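Structure, as structure tokens:
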Number of protein chains: 2
Amino acid sequence: MASRTIENYLKQIYLSRPADEAQWLTMGKLSAAVGVTPGTATSMVRAISDAHLVEYEPRAGVRLTPAGEQLALHVLRRHRLIELLLVQVLGLDWSEVHEDAEELEHVVSDRLLMKIDEILQHPAFDPHGDPIPTAGGVIRRQDCCTLLDCPLGEPTSIARILDQSAEFLQYVNQCGLLPGAEIRVANRNHQAQTVELMAIKSGENQVVAMSFSVAEKFLVQLNEQKK
Amino acid sequence: MASRTIENYLKQIYLSRPADEAQWLTMGKLSAAVGVTPGTATSMVRAISDAHLVEYEPRAGVRLTPAGEQLALHVLRRHRLIELLLVQVLGLDWSEVHEDAEELEHVVSDRLLMKIDEILQHPAFDPHGDPIPTAGGVIRRQDCCTLLDCPLGEPTSIARILDQSAEFLQYVNQCGLLPGAEIRVANRNHQAQTVELMAIKSGENQVVAMSFSVAEKFLVQLNEQKK
DNA sequence: TAATTAACTTTGTCTTATCAAAGTCAATTG
DNA sequence: CAATTGACTTTGATAAGACAAAGTTAATTA
């Protein structure tokens, strides 16, 4: 069985993998993501590679094998189901469940996970809008764009928040930009590096402005047309 | 912060402590309870003693300090609240929650524990009838006797099951002897080393017989008189 | 192309937690 | 009171996971 440390490395390798499938994840990025020194990451990755969970190419980086990806997705499934449980059943605020889930994801048994999945009625997304892999290790790809590259003026909805820190999520709360919120991007100001948008909050329109770097943390979906 | 290993040692020292307060817990019993070799227990106890969580007297044994007892009770509180949560909210069977709780007790944050306590409405007992220490580290003493030394013929109730193994609890299920069940001890046969009792199960009386060694695992309380 | 630099790897050491096996103590037995 | 026995402790070794610092590579700059 993979130790909690190995589970963590695999999860971070999955989450930090570069968009281009052919690319390797560099050791620098991995060590930063896991929170260890580069030397530690190198030696751990060597060990994980001996277990055929990753491919490792010195000075190039690391990449999950199919077996490693399955394990990573399983950890992610646990993490996201737990987050949803903490919010929906135990009533914790969505801004504060990440840390707890980070620990719980390594100790929840398959039996318990099945029960959680059942109680939540086999949910597809966690409170942050992140997709929950199936028990079989399949993850649905969302076709989303960020607030930086979605069309202007059209009615869209917040689908997913990419920054899980408590402070950021509390800011998101205040703006009313939770997953599901209906919005419209009014304008992008390239000089000021800001995005301006309208949040449609219980009938009232609220104007929100944020920098490009913050806008990147929101994934949105075009609203489906009503026929 | 105490590591999960230290938490486990403290919990076992608490649970295995001899009935007589003045006695020390021997290292043999502790090492068996924790599931390590005696040498390992000795060196861990030395370390825990350096942290002033236990007193250790070579060749005599080990005993919790007030600080160590508080920590042990806190772990026990987590364990028992989690067990109740798994049964009442997640719908697991009471016979199978012990293992999960054994892991979860070391990772549940204070914040999460408070929520669990709230949702369960500050319960006093876990599914096995074990008392749950308060957040302040106070544990109510039950005045119970076992099926071996309770009075014969009088109406009593099962208060607590001391063996938490899944197989045993499944047997308890079958006999209908869950905590709260009303019973009456009919007879003790010292030659056969058996106890015979009546379980009052939904109006019908059911006769159950068990050996002295099994009878010891049930704690019972005299039923309160209705005025 | 040589020098510099940033990123990565190696090496040696540390901590925690464990076991096996050898050593010690003290209580019982003869 | 010596010998035996069982319980406990000590010692030495191991594995996992980490860091610091020294050593490599390879890309960039001059």
Side-chain angles (χ1 to χ4, degrees), chain A residues 1-14 16-18 20 22-64 68 71-72 75 102-103 105-107, chain B residues 1-14 16-18 20 22-64 68 71-72 75 102-103 105-107:
Chain A
M1 243 303 75
S3 70
R4 104 171 13 208
T5 306
I6 290 179
E7 286 190 351
N8 256 325
Y9 276 83
L10 293 176
K11 185 181 67 169
Q12 294 301 347
I13 294 168
Y14 181 85
S16 309
R17 99 212 101 111
D20 177 356
Q23 292 289 301
W24 300 76
L25 172 63
T26 65
M27 300 308 278
K29 285 187 180 152
L30 176 58
S31 67
V34 176
V36 295
T37 58
T40 302
T42 298
S43 58
M44 270 309 303
V45 163
R46 290 214 112 105
I48 300 173
S49 163
D50 291 345
H52 305 291
L53 294 170
V54 297
E55 292 175 75
Y56 169 59
E57 199 68 53
R59 316 242 164 220
V62 67
R63 191 198 277 165
L64 291 171
L71 235 163
V75 177
E102 204 72 3
E103 290 295 313
E105 68 187 8
H106 303 294
V107 298
Chain B
M1 242 305 74
S3 70
R4 105 169 13 207
T5 306
I6 290 179
E7 286 190 349
N8 256 324
Y9 275 82
L10 293 176
K11 185 181 69 170
Q12 293 301 345
I13 293 168
Y14 181 85
S16 310
R17 99 212 101 113
D20 177 356
Q23 294 286 305
W24 299 76
L25 172 64
T26 65
M27 300 308 280
K29 286 187 178 151
L30 176 59
S31 66
V34 176
V36 296
T37 59
T40 303
T42 297
S43 59
M44 269 310 302
V45 163
R46 289 214 114 104
I48 300 173
S49 162
D50 290 347
H52 304 292
L53 295 170
V54 297
E55 291 175 76
Y56 168 60
E57 198 68 51
R59 312 234 168 228
V62 67
R63 193 198 277 165
L64 291 171
L71 235 164
V75 176
E102 205 71 7
E103 290 295 315
E105 67 186 9
H106 303 293
V107 299

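Just so it is clear, the structure is predicted and the values come from calculations on it, not from any experiment. In the text below, chain A, chain B and the rest are named by the order of the sequence lines, each starting its count at 1.
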Rounded distance (Å) that lies between atom [atom2] of [N] and atom [atom1] of [X]:
X: A:His106; N: D:dG17; atom1: NE2; atom2: P; value: 12 Å
X: A:Arg46; N: C:dT9; atom1: CZ; atom2: C1'; value: 8 Å
X: A:Lys29; N: C:dA7; atom1: NZ; atom2: P; value: 10 Å
X: B:Arg4; N: C:dT18; atom1: CZ; atom2: P; value: 11 Å
X: A:Asp50; N: D:dA16; atom1: CG; atom2: P; value: 11 Å
X: A:Glu57; N: D:dA26; atom1: CD; atom2: P; value: 12 Å
X: A:Arg59; N: C:dA7; atom1: CZ; atom2: C1'; value: 8 Å
X: B:Ile6; N: C:dA17; atom1: CD1; atom2: P; value: 6 Å

| request: Output yes when a side-chain donor or acceptor of A:Arg63 lies under 3.5 Å from a complementary backbone atom of A:Arg17, and no otherwise. | output: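 Pair absent, no side-chain N/O of A:Arg63 close to backbone of A:Arg17.
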| request: Check the pair B:Val54, B:Leu10 against side-chain contact (heavy atoms from CB on, under 4.5 Å), reporting the backbone distance first and the verdict last. | output: CA-CA 8 Å; B:Val54 297; B:Leu10 293 176; 3.9 Å; yes
Which nucleotide, [options], lies nearest any side-chain atom of [X]?
X: A:Thr37; options: D:dA18, D:dC19, D:dT25; answer: D:dC19
X: B:Val36; options: C:dC19, C:dC25, C:dA17; answer: C:dC19
X: B:Thr5; options: D:dG17, D:dT24, C:dA17; answer: C:dA17
X: B:Ser43; options: C:dT18, D:dG23, D:dT9; answer: C:dT18

Determine the contact category for [X]: base if any of its heavy atoms lies under 4.0 Å from a base atom, sugar-phosphate if only primed atoms, P, OP1 or OP2 are that close, otherwise nothing.
X: B:Gly39; value: base
X: B:Thr40; value: base
X: B:Thr26; value: sugar-phosphate

| said: Run the side chain to side chain contact (heavy atoms under 4.5 Å, CB included) test against A:Thr37 and tell me which residues pass, sequence neighbours left out. | reply: A:Thr40
| A:Glu105 versus A:Glu7: any side-chain heavy-atom pair under 4.5 Å? |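 No - every pair of side-chain heavy atoms lies 4.5 Å or more apart.
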| request: Flag the pair B:Lys29 / B:Gln12 as yes when at least one side-chain heavy-atom distance between them is below 4.5 Å, and no otherwise. | output: no
Looking at [N], I'd like to know if its phosphate oxygens (OP1 or OP2) sit under 4.0 Å from a side-chain N or O belonging to [X].
X: B:Thr42; N: D:dC8; result: no
X: A:Ser3; N: D:dG17; result: yes
X: A:Tyr9; N: D:dA18; result: yes

